[in-house]
Amino acid sequence: ALTPFTVTRRIGHPYQNRTPPKRKKPRTSFSRVQICELEKRFHRQKYLASAERAALAKSLKMTDAQVKTWFQNRRTKWRRQTAEEREAERQQASRLMLQLQHDAFQKSLNESIQPDPLCLHNSSLFALQNLQPWEEESAKIPPVTSLV
């Protein structure tokens, strides 16, 4: 006889039977002297060669990996800070340009408009009045000598 298909179900969380994950290493705390020396060195030099890193680690009683990681993290922080500073400068320059444009516009509104001497007598219309190539010679409008 055929037996019905049965599914065995696990009780509890699906990852319950796995080995527990490894514990994260606790955050390393550096002394003020170590941080001060690392910052001084970083100010002078953003990247260290392996020999320089080993010498610095030995002088600060740190591991090579700790110095390497500290410099990587510090470079990341430095890039973020410089990007934020550039963005703040860009925004400040943009605000200054808008203020200057606004001031120039307000000044132009407050000044009395001086007529352009070339347009005083509407020279463009004067020239166009005498340029009618579609008209026959006999029907031309006599040229205007003065608009005033």
Side-chain angles (χ1 to χ4, degrees), residues 3-135 141 143-148:
T3 57
F5 179 71
T6 57
V7 177
T8 56
R9 298 193 71 161
R10 195 182 300 166
I11 298 171
H13 194 273
Y15 301 123
Q16 186 176 356
N17 296 334
R18 288 189 178 178
T19 58
K22 292 180 182 175
R23 289 282 175 206
K24 238 172 105 173
K25 187 174 178 275
R27 183 182 172 113
T28 304
S29 295
F30 300 119
S31 71
R32 288 178 193 254
V33 173
Q34 288 173 323
I35 292 172
C36 185
E37 289 302 316
L38 289 165
E39 286 287 350
K40 276 197 269 185
R41 187 63 178 264
F42 182 80
H43 184 71
R44 289 194 319 262
Q45 195 176 355
K46 304 293 185 255
Y47 291 87
L48 297 178
S50 58
E52 294 170 321
R53 188 174 59 234
L56 183 60
K58 186 176 180 184
S59 72
L60 295 176
K61 294 183 175 72
M62 296 169 66
T63 66
D64 194 62
Q66 285 175 321
V67 174
K68 182 178 179 178
T69 303
W70 188 92
F71 265 78
Q72 287 173 341
N73 292 340
R74 187 62 182 87
R75 282 192 298 268
T76 301
K77 179 180 178 182
W78 171 67
R79 285 187 198 104
R80 187 187 67 243
Q81 286 172 333
T82 54
E84 287 170 357
E85 288 167 5
R86 280 194 305 271
E87 178 61 19
E89 289 169 0
R90 189 196 65 73
Q91 287 179 0
Q92 185 178 3
S94 181
R95 283 192 297 271
L96 179 61
M97 276 301 286
L98 287 172
Q99 185 62 47
L100 289 172
Q101 288 172 344
H102 176 75
D103 293 349
F105 180 70
Q106 290 298 322
K107 184 178 177 187
S108 71
L109 288 179
N110 295 335
E111 288 179 351
S112 61
I113 300 171
Q114 297 295 322
D116 187 343
L118 294 175
C119 297
L120 196 57
H121 299 295
N122 202 338
S123 60
S124 298
L125 288 177
F126 175 78
L128 287 173
Q129 183 180 10
N130 293 305
L131 291 176
Q132 298 176 354
W134 57 89
E135 294 287 334
I141 299 172
V144 178
T145 55
S146 175
L147 291 173
V148 182

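Both backbone and side-chain heavy atoms feed into the values below; hydrogens, waters and symmetry mates do not. Since the structure is predicted, the reported quantities are computational estimates derived from the model, not experimental observations.
- The structure places NZ of Lys25 at 11.5 Å from CZ of Arg27, a figure rounded to the nearest 0.5 Å.
- Tyr47 approaches Arg79 most closely through the heavy-atom pair OH-NH2, 2.9 Å.
- If you take CD on Gln81 and OG1 on Thr76, they are separated by 11.0 Å, rounding to the nearest 0.5 Å.
- Every residue two or more places apart in sequence or in another chain that forms a salt bridge (Lys or Arg N to Asp or Glu O under 4.0 Å) with Arg90 is listed here: Glu87.
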Exercise answer: donor-acceptor pairs, residues 35-42 side-chain atoms, under 3.5 Å, sequence neighbours excluded:
unit_1	atom_1	unit_2	atom_2	d
Glu37	OE2	Lys40	NZ	3.1
Glu39	OE1	Arg74	NE	3.0
Glu39	OE1	Arg74	NH2	3.3
Glu39	OE2	Arg74	NE	2.9
Arg41	NE	Gln45	OE1	3.1
Arg41	NH2	Gln45	OE1	3.4

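- No more than 12 heavy atoms of other residues, nucleotides or ligands shown are found within 6.0 angstrom of CD on Gln92.
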Report the C-alpha distance between Leu60 and Trp70 in whole Å, list the side-chain angles of each, state the deciding distance to 0.1 Å, and finish with yes or no for side-chain contact (heavy atoms from CB on, under 4.5 Å).
CA-CA 13 Å; Leu60 295 176; Trp70 188 92; over 6 Å; no
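- Counting heavy-atom neighbours within 6.0 Å of Lys58 NZ, excluding the residue itself, gives a total of 12 or less.
- Rounded to the nearest 0.5 Å, atoms CD (Glu89) and OG1 (Thr82) are 10.0 Å apart.
- At least one donor-acceptor pair closer than 3.5 Å links the side chain of Ser59 to the backbone N or O of Leu56.
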With side-chain contact (heavy atoms from CB on, under 4.5 Å) as the test, would you mind laying out the steps for Met62 and Phe30 before giving the verdict?
CA-CA 9 Å; Met62 296 169 66; Phe30 300 119; 3.2 Å; yes
